[in-house]
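Below is one structure, written out as structure tokens; the observations come after it.
Residue numbers count from 1 along this sequence. Just the heavy atoms: all of them, side chains too, but no hydrogens, waters or symmetry mates, feed the values below.
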Amino acid sequence: MSERNRRITHDIDWFSGKNEWKNLSSIAAINRPLTYRGKTTDEWHYYISSRKLTAEELLRHARLEWSIESMHWLLDVHFGEDFCHIEDETVQQVLNAVRKIALNCVKTYKSKSGSKLPLSKIMFSCLLDCEKIIPVLIADEN
């Protein structure tokens, strides 16, 4: 994992748009070098906050947000969650929980079995052959 560099300031008097953000206290940036196919680039993420965070707190909150976004992306890509138009809130919550359980089962199976297949291929193979779903469902028990 690459080192993330953090910068945060609470001195925001210079920021002309500060009055547009209620209780603005911090402006921050996280820089992460990214290497792909032998080429290294910088990836920057910028943040504003109503809290006076330390650099470590900023990184912790950013990682939490990235993990949430990662889960949302997986749910949308593998289950089309953004395109689900069910209006009943209870049904939405139940389906979301079932999708997360299914995704976690597949991720656990992939990790414990050492499978090199992408999550989507594991799920698809379970749809094509119901016998393949059993090892996925019991992967947590081993």
query = Going by atom types alone, do S26 and H10 pair a side-chain donor with an acceptor below 3.5 Å?
reply = yes
message = I need the D76 CG to E69 CD distance, nearest 0.5 Å.
response = 10.5 Å
Contact check, side chains of K110 and K116, non-hydrogen atoms, under 4.5 Å = no
query = Between W73 and V106, is there a shared hydrophobic cluster once you connect ILVMFWY residues whose side-chain heavy atoms come closer than 4.5 Å?
reply = yes
Contacts table for residues 121-137: side-chain donor-acceptor under 3.5 angstrom, sequence neighbours left out:
{"unit_1": "S125", "atom_1": "OG", "unit_2": "K121", "atom_2": "O", "d": "3.4"}
{"unit_1": "S125", "atom_1": "OG", "unit_2": "I122", "atom_2": "O", "d": "2.8"}
{"unit_1": "D129", "atom_1": "OD1", "unit_2": "E131", "atom_2": "N", "d": "3.1"}

request  = Please report the shortest heavy-atom distance between S25 and K52, naming the atom on each side.
outcome  = CB-CG, 3.8 Å
request  = Would you check if M71 and L103 make a side-chain contact, meaning some heavy-atom pair closer than 4.5 Å?
outcome  = yes
inquiry  = Is there a side-chain contact between K39 and L34 in this structure, where contact means two heavy atoms from C-beta onward sitting under 4.5 Å apart?
reply    = no
ask   = When rounded to the nearest 0.5 angstrom, what is the spacing between CG in L119 and NE2 in H78?
value = 4.5 Å
query = In Å, rounded to the nearest 0.5 Å, how long is the span from CG of L58 to CZ of R7?
reply = 11.5 Å
message = Is there a side-chain contact between Y47 and I27 in this structure, where contact means two heavy atoms from C-beta onward sitting under 4.5 Å apart?
response = no
request  = Looking only at non-hydrogen atoms, find the nearest pair between A28 and I8 and report the distance.
outcome  = CB-CG1, 3.7 Å
message = Can you confirm whether N5 sits close enough to I30 that some side-chain heavy atom of one is under 4.5 Å from a side-chain heavy atom of the other?
response = no
query = With a 4.5 Å limit on heavy-atom distance, are the side chains of H45 and E43 in contact?
reply = yes
message = Under a 3.5 Å distance rule, please check whether E57 uses its side chain to pair with a backbone N or O of T54 as donor and acceptor.
response = yes
Residue pairs fulfilling side chain to side chain donor-acceptor pair (under 3.5 Å) with at least one residue in residues 94-106, sequence neighbours excluded = E81-N96, E81-R99, N96-K100
key: With T35 via side chain to side chain donor-acceptor pair (under 3.5 Å) - residues at least two apart   = T40
